[in-house]
Amino acid sequence: VQLQASGGGLVQAGGSLRLSCAASGRFLSSSIVGWFRQAPGKERDFVAAIRWGGGNTYYADSVKGRFTVSRDKSENTVYLQMNSLKPEDTAVYYCARGSRAIYVRSDYDYWGQGTQVTVSS
């Protein structure tokens, strides 16, 4: 299994970015692809996730209504559309594959390399 995150960059507050996570390898219908983020000096926190098969989506409270996670199974890619960005969204964003506990970082077994998102005020 490999995951590669891309699409990060520098954006002004209120702007938008779309992150991509290109996935390869074995993904079951029950697999989960999650997005996490880590700001300097902080823990890596859950942001959003999507069930590979059914497409069920899950969000952290801090991003609900602003971020949307989706997937294109034909392209084996998961997207994170981020709107109304705030300076506190600044972090390195990672995608990862999980199988059971959606919100639990330790349940994710394969991780991409991360992409930097910087939101200026």
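Position 1 is the first residue of the sequence, and the numbers go up from there.
Other members of the cluster containing L17 are V1, L3, V11, L19, F27, V33, W35, V47, I50, W52, Y59, V63, F67, V69, V78, L80, M82, L85, Y93, Y110, V117, V119, with ILVMFWY side chains joined at under 4.5 Å, either directly or via other members. With side-chain heavy atoms closer than 4.5 Å counting as contact, directly or through intermediates, the hydrophobic cluster containing W111 also holds I32, F36, F46, Y58, V92, Y94, I102, Y103, Y108.
Remark: S84 pairs with no residue by the side-chain hydrogen bond (donor to acceptor under 3.5 Å, both in side chains) rule, at least two apart or across chains. Partners of D72 by side chain to side chain contact (heavy atoms under 4.5 Å, CB included), not counting sequence neighbours, listed by chain and number: S74, E75, Y79. Residues forming a salt bridge (Lys or Arg N to Asp or Glu O under 4.0 Å) with D45 (at least two apart in sequence, or on another chain): none. Qualifying side-chain hydrogen bond (donor to acceptor under 3.5 Å, both in side chains) partners for E88, counting only residues two or more places apart in sequence or in other chains: none. Under the rule for a side-chain hydrogen bond (donor to acceptor under 3.5 Å, both in side chains), the partners of E43 that lie at least two apart in sequence or sit in another chain are R105. Shown here are the salt bridge (Lys or Arg N to Asp or Glu O under 4.0 Å) partners of R100, two or more places apart in sequence or in another chain: D107. By the salt bridge (Lys or Arg N to Asp or Glu O under 4.0 Å) test, R18 pairs with no residue at all, sequence neighbours left out. For K64, the salt bridge (Lys or Arg N to Asp or Glu O under 4.0 Å) criterion is met by D61, not counting sequence neighbours.
The shortest non-hydrogen separation linking T77 to A22 is OG1-CA, 4.2 Å. Considering all non-hydrogen atoms of both residues, T118 and Q116 come closest at OG1-NE2, 3.3 Å. A91 and A39 make their closest contact through CB-N, 3.8 Å (heavy atoms, listed as atom of the first residue, atom of the second, distance).
Between the side chain of Q113 and the backbone N or O of A5 there is at least one donor-acceptor pair closer than 3.5 Å. Using a distance-only test at 3.5 Å, with no hydrogens or angles considered, a donor-acceptor pair links the side chain of R71 to the main chain of G53. No donor-acceptor pair under 3.5 Å is formed between the side chain of R37 and the backbone N or O of R44.
Sorted by first and then second residue, the disulfide bond (SG atoms under 2.5 Å apart) pairs with a member in residues 34-63 form an empty list; sequence neighbours excluded. Under the disulfide bond (SG atoms under 2.5 Å apart) criterion, the residue pairs touching residues 13-106 are C21-C95, with sequence neighbours excluded.
With rounding to the nearest 0.5 Å, the separation of OG in S121 from CD in Q12 is 9.5 Å.
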